[in-house]
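Everything on this sheet refers to the single structure shown next.
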2 protein chains.
Amino acid sequence: MTETTATPGQRADMVRNRRLLLDAATAAFAECGVDVSMGEIAQRAGLAKGTVFRHFASKEDLLAAIMLQLLDRLTSTADRLVDADDAAAALHEFMTAGVEVLAADRAFCEVIGRPSLQLAQVRSAIERLGQTAETLTARAREQGTIRDDVTGMDIVLLLGGIHQTAAPLLDAQPQVWRRYLELTFDGLRATNARSLPHPPSRRLPTAQSD
Amino acid sequence: MTETTATPGQRADMVRNRRLLLDAATAAFAECGVDVSMGEIAQRAGLAKGTVFRHFASKEDLLAAIMLQLLDRLTSTADRLVDADDAAAALHEFMTAGVEVLAADRAFCEVIGRPSLQLAQVRSAIERLGQTAETLTARAREQGTIRDDVTGMDIVLLLGGIHQTAAPLLDAQPQVWRRYLELTFDGLRATNARSLPHPPSRRLPTAQSD
DNA sequence: CACCAACATGACCGGTCGGTCATTTTCTCT
DNA sequence: AGAGAAAATGACCGACCGGTCATGTTGGTG
């Protein structure tokens, strides 16, 4: 088969174990957050702890690999939507996909909310996602459906905010986030703008007023 | 003086040390989040670790005490605003105060976002805050300035969301949260409602559509 | 001042974590 | 099948954590 992993000179069992490890780590991080232990991940994968460290030199490396995968997948989703007729609808669909991912992955929420770790690759992946979202947003702005002070990075950051709003209720009402997405999206609509536009580059004039 | 701690039969140095401990813990939790160690807190207070555990039987107790203090302070702020003429403006002021607290306290963000710990008192304090916010919100709804599907608990939850949106930028732009507050508040205005109202009690009809 | 109970102290305990490494197992190639 | 390299293993290490406790110290009182 023409898998992406063409197993150039690698042993078959190593490739298989790597797959097991990645799957287990993805599930473990999603369920338990970034603080899940490497031992737990190894156990879920049916491997010894040492094997995990053979594939990834540190926990941070493993986490970064998985977060990058998620971020790139979201970027692809955004890319697929740039040609839609109704840019605002496309933007809405992108945001739905984004919050859906966040609602299903604890570690992703934690990393998005605080990428100040050492995860430089993650930061740049977020940048890329922001740029792709910007092309979506720009079209919606030009179509006059979205207020003109909203940027692509705003959209990306709002994903985390929408999810965080819904998070305390997620157990009781797994779909509440849709409601907060609608609420937030209403605030983005062009005709709904009340507050003065705040170009993201030129702000904080008398910032220390309080 | 008529301090709240009237030192009923307690030794003077104990009262003093308790003050030192509470101040140090407040600062430590705010700066480092809930994962700051008891040793670090003790060090900041200039006390031994054992002394900390004499004042609070567990780390959770200490954290709960400080979180409760913050939540009650916010509830007081909301209480002070219920008599304002412009309920929407009062609501806005409350939200400003709320996000301000969140932006300055890491532990508070973490606890608000995931009160699923054992902190029953914290949960009920959040409930109380939600009820007080509801009186504010109800007046704004009656005045027709806020869409009528928004509840007090919505407001409380949105505080966490707004902060989370701004969190990744807080280092570079400490005041961005004001921008996202305005954006969100625009979505709350009565005339800006587009999406159908979702009474929080009767939801999730065909929820599994995706 | 002298006494004692209340308080402060820090060494200590069990447990968990990320990470290492000598040894053993397994795959692959001839 | 046999040999050798690559990979898997799990015991092990040092660091850190929340929490305990025997011991030393201190503040209030008669």
Side-chain angles (χ1 to χ4, degrees), chain A residues 3 5-26 28-29 31-67 106-107 110-111 117-119 122, chain B residues 3 5-26 28-29 31-67 106-107 110-111 117-119 122:
Chain A
E3 285 285 345
T5 55
T7 68
Q10 325 211 23
R11 266 168 55 166
D13 59 339
M14 188 198 186
V15 179
R16 180 178 51 92
N17 285 341
R18 190 181 183 89
R19 175 86 274 141
L20 259 54
L21 169 57
L22 284 173
D23 289 350
T26 300
F29 279 130
E31 292 174 27
C32 314
V34 299
D35 283 336
V36 71
S37 76
M38 292 293 263
E40 162 98 16
I41 292 173
Q43 200 171 350
R44 282 175 181 240
L47 302 173
K49 200 161 56 162
T51 308
V52 176
F53 284 97
R54 164 171 287 270
H55 287 264
F56 295 90
S58 71
K59 181 180 182 178
E60 202 173 278
D61 285 358
L62 175 56
L63 178 62
I66 290 174
M67 295 297 107
R106 275 186 61 170
E110 294 164 7
V111 168
L117 310 166
Q118 276 82 332
L119 307 170
V122 172
Chain B
E3 285 286 343
T5 55
T7 67
Q10 324 211 23
R11 265 166 59 164
D13 59 340
M14 188 196 186
V15 179
R16 181 177 50 92
N17 284 342
R18 192 180 182 89
R19 175 86 273 142
L20 286 168
L21 168 57
L22 284 173
D23 289 350
T26 300
F29 280 129
E31 290 173 29
C32 313
V34 299
D35 284 336
V36 71
S37 76
M38 293 293 264
E40 163 96 16
I41 292 173
Q43 200 171 349
R44 284 176 180 238
L47 302 172
K49 200 162 54 161
T51 307
V52 176
F53 283 97
R54 165 171 287 270
H55 286 264
F56 294 91
S58 72
K59 181 180 181 177
E60 203 173 278
D61 285 358
L62 175 57
L63 179 62
I66 290 173
M67 294 298 106
R106 276 186 61 171
E110 294 164 7
V111 169
L117 309 167
Q118 275 83 331
L119 308 171
V122 172

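Within every chain, numbering begins at 1; the chains are lettered A, B, ... in the order of the sequence lines, protein sequences first and strands thereafter.
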*Pick base, sugar-phosphate or nothing for B:Val36, based on heavy-atom distances below 4.0 Å to the nucleic acid.*
sugar-phosphate

*asked:* For a quick test of reading the model, state the closest non-hydrogen atom pair linking B:Ile66 to B:Leu22 and the distance between them.
replied: CD1-O, 4.2 Å

_Distance below 4.0 Å between B:Asn17 side-chain N/O and C:dA8 OP1 or OP2_ = yes

*In Å and rounded to the nearest 0.5 Å, what is the OG1 to CG distance from B:Thr26 to B:Leu21?*
8.5 Å

*Can you pull out how bent the helix from C:dC1-D:dG30 to C:dT30-D:dA1 is, comparing the axes over its first five and last five pairs, to 10°?*
0°

*How many Å lie between CD on B:Glu60 and C1' on D:dG19, as a whole number?*
14 Å

*How long is the line joining CE of A:Met14 and P of C:dT28, in whole Å?*
12 Å

*Nearest-Å distance, CE (B:Met38) to C1' (D:dC16)?*
15 Å

_Nearest-angstrom distance from the residue atom NZ of B:Lys59 to C1' of D:dC16_ = 12 Å

*Of A:Gly46 and B:Arg16, whose nearest nucleotide on DNA chain D comes first from the 5' end?*
A:Gly46

*Of the candidate nucleotides C:dC17, D:dG10, C:dT26, which contains the atom at the shortest distance from the side chain of A:Asp13?*
C:dT26

*Value in whole Å for how far the C1' atom of C:dT16 lies from CD of A:Gln43*: 14 Å

*Taking CZ from A:Arg54 and P from D:dA7, how many angstroms apart are they, rounded to a whole number?*
6 Å

*Just how far, in rounded Å, is C1' of D:dG19 from CZ of B:Phe56?*
16 Å

*Ignoring backbone atoms, establish whether A:His55 has a side-chain N or O less than 4.0 Å from OP1 or OP2 of D:dA7.*
no

*Which atom names give the shortest non-hydrogen contact between B:Ala45 and B:Leu20, and what distance separates them?*
CB-O, 3.8 Å

*Of the non-hydrogen atoms in B:Ser58 and B:Phe53, which two are nearest, and what is the gap between them?*
CA-CE2, 4.4 Å

_Residue mapping more 5' on DNA chain D - nearest nucleotide basis, B:Gly39 or B:Ala12_ = B:Gly39

_I'd like to know if B:Arg11 reaches the base of C:dA6 with its side chain such that a donor and an acceptor end up less than 3.5 angstrom apart._
yes

*What is the nucleic acid contact for A:Thr51, judged by heavy atoms within less than 4.0 Å: base, sugar-phosphate only, or nothing?*
base

_Donor-acceptor under 3.5 Å (B:Glu110 side chain, B:Val34 main chain)_ = yes

*Report yes if the side chains of B:Glu40 and B:Glu31 come closer than 4.5 Å at any heavy-atom pair, otherwise no.*
no

_A:Lys59 side chain to A:Ser37 backbone, donor-acceptor under 3.5 Å_ = no

*Rounded distance in Å - NZ (B:Lys49) to P (D:dC16)*: 12 Å

